[in-house]
Participant: 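Handing you this structure, nothing more for now.
Reckoned from all heavy atoms, side chains included, excluding hydrogens, waters and symmetry mates.
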Amino acid sequence: MYCTVEDLKGEGVAIAAAKGEKERVERLISFACSILDDRTGQWFEERTFTAEAPMLIDGDGSNALDFSVPIISIDEIWVDGDATDADDYVVYNRILPDDRKWPRVVLEHGFVWTRGRQNIEVAGKFGYMDRDPISGALMTPEPIRQAAMRLVMIEVPKLGTGSGQLERKLSNVKSETTDTHSYTLADIAVSDGPTGDSFIDKVIERYQGPLAAVVVGGSHDRCGFRSWA
């Protein structure tokens, strides 16, 4: 998931100690991740596809195999069941220069990807990731992490009593119950159109994915997984 309960606590969100409260917030985090995935057509964590559960793509007769999410690494590609020699293709998975808006694998030597329906199987790692400037490790982009936290904070109906937290959320307060110190935030639309939060909407617009047709094989239970038919 793109943020954690501890991340939210660090932002001043009071998570009640009541039974099931942490689990409820974790479900909201998962929900927020799925909103970001759905609105961008991306995912922002590393996901692995294997020979047993590969990514399935249509060959279109060209030399470029386009992907709807950035490529972290390619382990193997099969066309109509036959393995493709890694020396025959170039993987566009760079962050500098940035290939994440056009992730693709390009065949060389005049070869093309055989036309077919779900005839190309790909094993590898995928996801729109940044690199930590200190460790170099892959990480969820910070704007996405912040947007996920903001979505959760908008959805949490009671924000607790922290004064700093109240100051940060005051502009979103819709109603107040002073005796219990609970606050209800302005509603957010998550089904269609903009979310209603300018920061989140700008992040979603910034991270819009390429419109490639990808059908995903296998099953994945991480937050916000979707497939394109």
Participant: If you take all heavy atoms of N93 and I71, which pair is closest and at what distance?
Facilitator: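 Closest approach of N93 to I71, heavy atoms only: CB-O, 2.9 Å.
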
Participant: Hydrophobic clusters here meaning ILVMFWY residues chained together by side-chain heavy-atom distances under 4.5 Å, can you tell me if V90 and V112 are in one?
Facilitator: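 Not linked; separate clusters.
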
Participant: For a quick test of reading the model, state the closest non-hydrogen atom pair linking I200 to D197 and the distance between them.
Facilitator: N-OD1, 3.0 Å

Participant: Provide the full list of ring-ring contact (aromatic ring centres under 6.0 Å, His included) pairs with a residue in residues 77-107, sequence neighbours left out, each pair given once.
Facilitator: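 Sorted pair list comes back empty.
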
Participant: Can you tell me if NZ on K202 sees more than 12 non-hydrogen neighbours from other groups inside 6.0 Å?
Facilitator: no

Participant: Partners of E6 by side-chain contact (heavy atoms from CB on, under 4.5 Å), sequence neighbours excluded?
Facilitator: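 Testing E6 for side-chain contact (heavy atoms from CB on, under 4.5 Å), a comparison that skips the adjacent residues, returns T4, K9.
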
Participant: Which atoms form the tightest heavy-atom contact between R150 and F199, and what is the distance?
Facilitator: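 So the two residues come closest at CD-CD2, 3.8 Å.
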
Participant: Is it the case that more than 12 heavy atoms not belonging to Q208 sit under 6.0 Å from its CD atom?
Facilitator: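 Yes, the 6.0 Å shell around CD holds more than 12 heavy atoms from other groups.
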
Participant: Considering residues at least two apart in sequence or located in another chain, which fulfil the side-chain hydrogen bond (donor to acceptor under 3.5 Å, both in side chains) criterion with S62?
Facilitator: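 Testing S62 for side-chain hydrogen bond (donor to acceptor under 3.5 Å, both in side chains), a comparison that skips the adjacent residues, returns D60.
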
Participant: Please report the shortest heavy-atom distance between C3 and I29, naming the atom on each side.
Facilitator: O-CG2, 3.5 Å

Participant: Testing the basics here: between I57 and V122, what is the closest heavy-atom pair and its distance to 0.1 Å?
Facilitator: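 The answer is CD1-CG2, 4.2 Å.
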
Participant: Would you mind reporting whether T84 and V105 have side-chain heavy atoms less than 4.5 Å apart?
Facilitator: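 Result no, sub-4.5 Å side-chain heavy-atom pair not found.
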
Participant: Are the side chains of V79 and N119 in contact, using a 4.5 Å heavy-atom criterion?
Facilitator: yes

Participant: Do NZ/NE/NH1/NH2 and the carboxylate oxygens of R47 and D37 come within less than 4.0 Å?
Facilitator: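 Yes, charged N to carboxylate O under 4.0 Å.
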
Participant: Side chains of residues 123-146: which donor-acceptor pairs under 3.5 Å do they make with residues two or more places apart or in other chains?
Facilitator:
from	atom 1	to	atom 2	distance (Å)
D130	OD1	R100	NH1	2.6
R131	NH1	G136	O	2.8
D132	OD1	I134	N	2.7
D132	OD1	S135	N	2.9
S135	OG	A137	N	3.2
T140	OG1	F44	O	2.7
E142	OE1	R145	NE	3.0
E142	OE2	R145	NE	3.4
E142	OE2	R145	NH2	2.9
E142	OE2	Q146	NE2	2.7
R145	NH1	D7	OD1	3.4
R145	NH1	D7	OD2	3.4

Participant: If you look only at pairs with a residue in residues 85-94, which of them pass as a salt bridge (Lys or Arg N to Asp or Glu O under 4.0 Å), with sequence neighbours excluded?
Facilitator: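 Counting only pairs at least two positions apart or across chains, the salt bridge (Lys or Arg N to Asp or Glu O under 4.0 Å) contacts touching residues 85-94 are R94-D99.
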
Participant: Under the side-chain hydrogen bond (donor to acceptor under 3.5 Å, both in side chains) rule, collect the residues that match up with N63, sequence neighbours excluded.
Facilitator: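 Expected list: none.
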
